[in-house]
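This one's a predicted model, so the numbers in the text were calculated from it and none came from an experiment. FYI, side chains are in, hydrogens and waters are out, and symmetry mates aren't considered; it's all heavy atoms of this structure.
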Number of protein chains: 2
Amino acid sequence: MSFEHPDRNSLDISAVLHALSDPQRLGMVAELAMSDEPRPCGSFAPGISKSTRTHHFRVLREAGLIEQWKEGTCKMSRLRREDVDARFPGLLDSVLSSQAVAQV
Amino acid sequence: MSFEHPDRNSLDISAVLHALSDPQRLGMVAELAMSDEPRPCGSFAPGISKSTRTHHFRVLREAGLIEQWKEGTCKMSRLRREDVDARFPGLLDSVLSSQAVAQV
DNA sequence: CACAAAGTTCGACGATCGTCGTATGATGCC
DNA sequence: GGCATCATACGACGATCGTCGAACTTTGTG
């Protein structure tokens, strides 16, 4: 029922950077950052298959970037912004702002 | 003679994050950031082979993180801090400060 | 209960990665 | 010139990655 969510203090910079280095995942994180509301998995990355999406969400979750929980048949996701900011101050901001520029 | 050094404006966030996501390369970048002096390649990452070192330096260079040039038989490396900061403000600082904490 | 919807699991695949050793170049010094 | 030093080029290897489809589970709804 509960999934693997690494503790705030055990976040690994290499895992975080690797998780963010994939354009697909970076796009997901950017979407999560824009709308502060949790969102079901299915509403992301419409071009890829369900299993690939599951894989990307697991990478993000195991890196500690997102939190996930089930609600009915949906799985919700939320960016762990406070935790990431506490451990790596400024990182998410700089990555996301560069992403925002790229999307204009 | 001259190597591939991407233009400041063509730096790719995914390539940069991927380049930094390897612990070996992150260590090299951290060393380069600490001593502002250019350093020969051979003085890095003493545990790994020469060819692996060459490979890592190429990844860093092609991502636009470092600049390299030859001096005699040595090849010098320098962090392209201004360029990276201009393109991705705050990124290098946050990554390097987390790295510094980890090394204490 | 039967069915639909949302995710997961399980191979599988080609591509890329990190690492190595050996051979090869380029440069400086005796 | 001969030799040592520093780095590159070229496979090669096992490991990981991103992607997929098919089968399955879980949950809600008729």
**OP:** Grab the CZ-C1' distance between B:Phe57 and C:dT19 for me, whole Å please.
**Re:** 16 Å

Original post:
CD1 of B:Ile48 versus C1' of D:dA7: gap in Å, rounded?
Top reply: 13 Å

**OP:** Could you walk me through whether A:Leu17 and A:Leu91 pass side chain to side chain contact (heavy atoms under 4.5 Å, CB included), step by step?
**Re:** CA-CA 10 Å; A:Leu17 293 175; A:Leu91 183 114; 4.0 Å; yes

**OP:** Using side-chain hydrogen bond (donor to acceptor under 3.5 Å, both in side chains) as the criterion, list what pairs up with A:His56, not counting sequence neighbours.
**Re:** A:Arg25

**OP:** Measure the distance from CD on B:Gln68 to P on D:dT8 and round it to the nearest whole Å.
**Re:** 6 Å

**OP:** Can you tell me the distance, in whole Å, between the CZ atom of A:Arg61 and the C1' atom of C:dT8?
**Re:** 10 Å

Original post:
Between atom CZ in B:Arg58 and atom C1' in D:dC6, what is the gap in whole Å?
Top reply: 16 Å

Original post:
A:Glu62: what forms a side-chain hydrogen bond (donor to acceptor under 3.5 Å, both in side chains) with it, not counting sequence neighbours?
Top reply: none

**OP:** Identify, with sequence neighbours excluded, every residue that meets side-chain contact (heavy atoms from CB on, under 4.5 Å) alongside B:Thr73.
**Re:** none

Original post:
Can you name the residues that form a side-chain contact (heavy atoms from CB on, under 4.5 Å) with A:Glu67, not counting sequence neighbours?
Top reply: A:His5, A:Trp69, A:Arg78, A:Arg80

**OP:** Indicate whether OP1 or OP2 belonging to D:dG21 is found under 4.0 Å from a side-chain N or O atom of A:Ser49.
**Re:** no

Subject >> Nearest-nucleotide pick for B:Thr54, side chain only, options being D:dA7, C:dT9, D:dC20 >> reply: D:dA7

Original post:
What pairs with B:Ser51 under side-chain hydrogen bond (donor to acceptor under 3.5 Å, both in side chains), at least two apart in sequence or on another chain?
Top reply: B:Ser49

Expected rows: protein N/O vs nucleotides 16-18 of chain D N/O, under 3.5 Å:
from, atom 1, to, atom 2, distance (Å)
D:dG18, OP1, A:Arg25, NH2, 2.8
D:dG18, OP2, A:Arg25, NH1, 3.1
D:dG18, OP2, A:His55, NE2, 3.4

Please produce a list of atom pairs where a protein N or O lies less than 3.5 Å from an N or O of nucleotides 22-26 of chain D.
none

Original post:
When the distance from CZ of B:Arg53 to P of C:dT22 is rounded to whole Å, what number comes out?
Top reply: 16 Å

Original post:
Rounded to whole angstroms, how far apart are CE on A:Met76 and P on D:dT27?
Top reply: 16 Å

**OP:** For A:Ser14, check side-chain contact (heavy atoms from CB on, under 4.5 Å) against everything at least two apart and list the hits.
**Re:** A:Asp12, B:Pro23

**OP:** Could you tell me which residues satisfy side-chain contact (heavy atoms from CB on, under 4.5 Å) with A:Asp93, sequence neighbours excluded, listed by chain and number?
**Re:** A:Arg81

Original post:
Distance from B:Asn9 atom CG to B:Leu11 atom CG, nearest 0.5 Å?
Top reply: 8.0 Å

Original post:
In whole Å, what is the span from the NZ atom of A:Lys75 to the C1' atom of C:dT8?
Top reply: 8 Å

